[in-house]
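Handing you this structure, nothing more for now.
Read the numbers this way: they start at 1 and go in the same order the structure lists the ligands and their atoms. Remember, it's a predicted structure, so these values are computed and weren't measured experimentally.
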Amino acid sequence: MKLRTRLIATFCAIILLPILLASVSFMFTGPYTTMAQSRLVLTLVLILLITSICLCIWIWTSFLDPVSQLNKALQKVAEGDLNYQLDPEQYKDKGEIYDMIRNYEDMRLRLKESQDEMMEHEHANRELISNISHDLKTPITSVKGYVEGIMDGVADTPEKMDRYIKTIYNKANDMDRLINELTIYAGIDTNRIPYNFHRINIADYFGDCIEEVGLDLESRNITLNYSNITAPDTMVIADPEQMKRVINNIISNSVKYIDKPNGVIDIRILDEVDSIRIEIEDNGKGIAPKDLARIFERFYRTDSSRNSSQGGSGIGLSIVKKIIEDHGGYIWATSKEGEGTCIHFVLRKYFEPDEPDTTEEE
Ligand SMILES: Nc1ncnc2c1ncn2[C@@H]1O[C@H](COP(=O)(O)OP(=O)(O)O)[C@@H](O)[C@H]1O
Ligand SMILES: [Mg+2]
């Protein structure tokens, strides 16, 4: 039976039952009532009628109304519309009804949040695929072009041949890097990044790194400045390979987003007592303040880089952040639009445990 019918039935029963009972008792006692008695009965019936009407209205407004509102809202949710809002504040003084409405709102907001997240993820995945296709297609097209050049005999001098082969090698390296990045990305969610932690000497490690990236940057006409003010014996515990991934990722962003003819990248290693801070700064196009906090999010790309033809997946910096955090460090960025960007990250120093004191006291 519907609540509404049940309420109407209750209402009728409240009035009819006493009348019915009174009539039955009259039948047995006989209709010999005085005027005063019948007036009393009439008054009683009237009082009964008014109280039950008041009670019904009260129950109707305090119970049936919100329940039918809630029912309508739940129906909308079942149909997939998560925008049907109920205001719990309206039912503040209604005890359990208020709890029910508030629970509905909590549920709706949570469902909406996960629906939005899912849609964003789906959109990002689609964009990732199109960016990967773009990023893979560009080097493959030029590899094909250069190989065809060699086959057609265009590379007719040893110098030309050398240049062609070097370009093919570089392009193959680009593809290898991208595929590597994707493999790492696939492992991020399931914590499957393989780490091999070692004690590494900062000066030696960065010295080698700078030498390696320096050659590449030189060929791209970008000046690299390097300074290290930490003590020569400063050590950290890190995975050298993953740390290289971090540095390469940050530098490749700088290279990608440098928009000036004289590109400059500064790498500084600073001492912060218990930790070291690495700063990689470029004089590129910079990042708008509204994007700055979000560039480490997975798939996040600023509007200007999204609209550029350079490609990119938006996963580079999310991998970088994950690796730094897995090393117990933290990372952030500062930037000025039109002037450049600086990525800072901090790693804790490793201190050799103190030698046990072996001198014997006499
Ligand atoms: N050095 C930089 N200069 C300007 N913008 C940058 C720089 N580094 C990162 N960004 C912005 O942050 C976004 C995220 O970077 P990243 O995760 O490496 O993705 P992408 O694949 O686009 O390089 C980039 O799309 C770009 O908009
Ligand atoms: Mg990148």
Practice task
State whether the shortest distance between N or O atoms of Y257 and N or O atoms of ligand 1 falls below 3.5 angstrom.
Solution key: yes
Exercise for the section: Would you give the length of the straight line joining atom CG of L292 to atom OG1 of T302, rounded to the nearest 0.5 angstrom? Expected result: 10.5 Å
Exercise for the section: Please round to the nearest 0.5 Å and tell me the distance separating atom CG of L347 and atom OG1 of T234. Expected result: 12.0 Å
Handout entry: Close-contact set for ligand 1 against D282 heavy atoms, below 4.0 Å
Key = 1 (N), 2 (C)
Handout entry: Side-chain heavy atoms of E212 within contact of D208, under 4.5 Å
Key = no
For residues 323-331, which side-chain N or O atoms pair as donor and acceptor with protein atoms under 3.5 Å away, sequence neighbours left out?
from: E325; atom 1: OE2; to: K321; atom 2: NZ; distance (Å): 3.4
from: D326; atom 1: OD2; to: Y195; atom 2: OH; distance (Å): 2.8
from: H327; atom 1: ND1; to: I323; atom 2: O; distance (Å): 2.8
from: H327; atom 1: NE2; to: D239; atom 2: N; distance (Å): 3.0

Problem - Distance-only N or O hit between ligand 1 and S318, under 3.5 Å - result: no
Exercise for the section: Answer yes or no: is there a side-chain heavy-atom contact under 4.5 Å between L217 and I251? Expected result: yes
Exercise for the section: Would you check the N or O atoms of Y300, main chain and side chain alike, for any that come under 3.5 Å of an N or O of ligand 1? Expected result: no
Fill in the blank from the handout: Note: I287, heavy atoms under 4.0 Å from ligand 1, region reported as side chain
Completion exercise
Protein-derived N, O or S atoms lying less than 2.8 Å from the Mg ion (ligand 2), waters not counted, sum to 1
Handout entry: Y350 OH to N201 CG distance, which is reported to the nearest 0.5 Å
Key = 13.0 Å
Exercise for the section: State the atoms of ligand 1, each with its element, that fall below the 4.0 Å cut-off from a heavy-atom position in T302. Expected result: 25 (O), 27 (O)
Problem - Pairing of E122 and R126 as salt bridge, 4.0 angstrom limit - result: yes
Exercise for the section: Run the numbers for me: atoms of ligand 1, each under 4.0 Å from some heavy atom of K256, listed by number. Expected result: 20 (P), 21 (O), 23 (O)
Problem - Ligand-side contact atoms (ligand 1) for residue partner R301, heavy atom cut-off under 4.0 Å - result: 22 (O), 25 (O)
Fill in the blank from the handout: Between F63 and I97 the two heavy atoms that sit nearest each other are CD1-CD1, 3.7 Å
Exercise for the section: Going by heavy-atom distance to atom 12 (O) of ligand 1, choose the closest among I343, I295, N253. Expected result: I295
Problem - Carboxylate-amine/guanidinium proximity below 4.0 Å for E79 and K76 - result: no
Practice task
Side-chain contact test, heavy atoms from C-beta onward, threshold under 4.5 Å: evaluate it for I267 versus L224 and give yes or no.
Solution key: yes
Problem - Check: L317 N/O within less than 3.5 Å of ligand 1 N/O - result: yes
Handout entry: salt_bridge(D106, R110) N-O dist < 4.0 Å
Key = no
